[in-house]
Amino acid sequence: MHIYFDLDGTLVDDTGQKLRPGIRSLLRRLAGEGHRLSLWTASTEERGQRYLAQHGLAGFFELRVFRDDYDPEGVGHPKDIRHGDGDVLVDDDPTNTEFVESIGKVGVLVGTFHIGAIRRWRSDSDEIYSKINASKEAT
């Protein structure tokens, strides 16, 4: 399965300073099971690459789609994961997960990871993993 992940609010907090608890182990687990992992983010390439490097995530993603690639004017084009032969999008924005579902793919909606709420965050990687696994039947 080819799984796309959003960056801001999904993998890292909304400022890019903190990594979502448990996300590195989730990515490692999915990659170890043979899933293809890619990134689709509304961040610019400069910002996205910086956050990936800062948190040691770059090596997990075979394909990286930045706003510069699909929405350079910033008008709100959808994350159309069909262009990368994607099956699943994990994102904190319901607009994106609903769009992906409208084109026959799987959207996994996660809670937005905000810097101000970090103290109350626990790892929800098992829940995300369960949602991805449940989606195998849908793909």
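For the pair K79/Y70, a side-chain contact is recorded, criterion being any heavy-atom separation below 4.5 Å from C-beta on. At a threshold of 4.5 Å between non-hydrogen side-chain atoms, the residues F5 and F60 do not count as touching. Taking the side chain as every heavy atom from C-beta outward, W40 and L63 never approach each other to under 4.5 Å. At least one side-chain heavy atom of L57 sits less than 4.5 Å from a side-chain heavy atom of R24. At a threshold of 4.5 Å between non-hydrogen side-chain atoms, the residues D93 and D6 do not count as touching. At least one side-chain heavy atom of D87 sits less than 4.5 Å from a side-chain heavy atom of H2. The closest side-chain heavy-atom distance from R36 to D85 is below 4.5 Å. Between E33 and Y129, some side-chain heavy-atom pair lies under the 4.5 Å cut-off.
Taking hydrophobic clusters as Ile, Leu, Val, Met, Phe, Trp and Tyr residues chained together by side-chain heavy-atom distances below 4.5 Å, M1 shares a cluster with L37. Hydrophobic clustering (ILVMFWY, side-chain heavy atoms < 4.5 Å, transitive): F61 and I132 are in one cluster. L89 and L30 fall into different hydrophobic clusters, where Ile, Leu, Val, Met, Phe, Trp and Tyr side chains are chained together by heavy-atom contacts under 4.5 Å. Taken together through direct or relayed side-chain contacts under 4.5 Å among Ile, Leu, Val, Met, Phe, Trp and Tyr, L39 and V110 form part of one hydrophobic cluster. Hydrophobic clustering, with ILVMFWY side chains joined whenever heavy atoms are under 4.5 angstrom apart, keeps I81 apart from V90.
The backbone N or O of G16 sits less than 3.5 Å from a side-chain atom of H55, completing a donor-acceptor pair. Within the 3.5 Å criterion, the main-chain N or O of G76 finds a donor-acceptor partner in the side chain of D71.
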For this session: Quick one: do R47 and D8 satisfy salt bridge (Lys or Arg N to Asp or Glu O under 4.0 Å)? Show the steps, please.
Result: CA-CA 10 Å; R47 177 182 170 162; D8 300 286; 3.0 Å; yes
Problem set entry | salt bridge (Lys or Arg N to Asp or Glu O under 4.0 Å) assessment of R64 paired with D69 | CA-CA 9 Å; R64 299 176 197 146; D69 302 315; over 6 Å; no
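Here E73 contributes atom CD and D68 contributes atom CG; the two are 10.5 Å apart, rounded to the nearest 0.5 Å.
Checked by atom type, the side-chain pair T97/D91 shows no donor-acceptor distance below 3.5 Å.
Scanning both residues, S125 and S25, for their nearest heavy atoms gives OG-OG, 4.2 Å. Taking both residues in full, the closest heavy atoms of L7 and L52 are given as CD1-CD2, 4.2 Å, listed atom of the first, atom of the second, then distance. Closest non-hydrogen pair, T44 versus F66, comes out as O-CD2, 3.7 Å. Residues Y51 and V12 share a closest heavy-atom pair of CD1-CG2, 4.2 Å. Residues R20 and I128 approach most closely at NE-CD1, 4.1 Å, considering heavy atoms.
Across T10, D13, D92, a single residue satisfies side chain to side chain contact (heavy atoms under 4.5 Å, CB included) together with T112, and that is D92.
Residues R29 and D126 are paired through a salt bridge, judged by an N-O separation under 4.0 Å between the basic side chain and the carboxylate.
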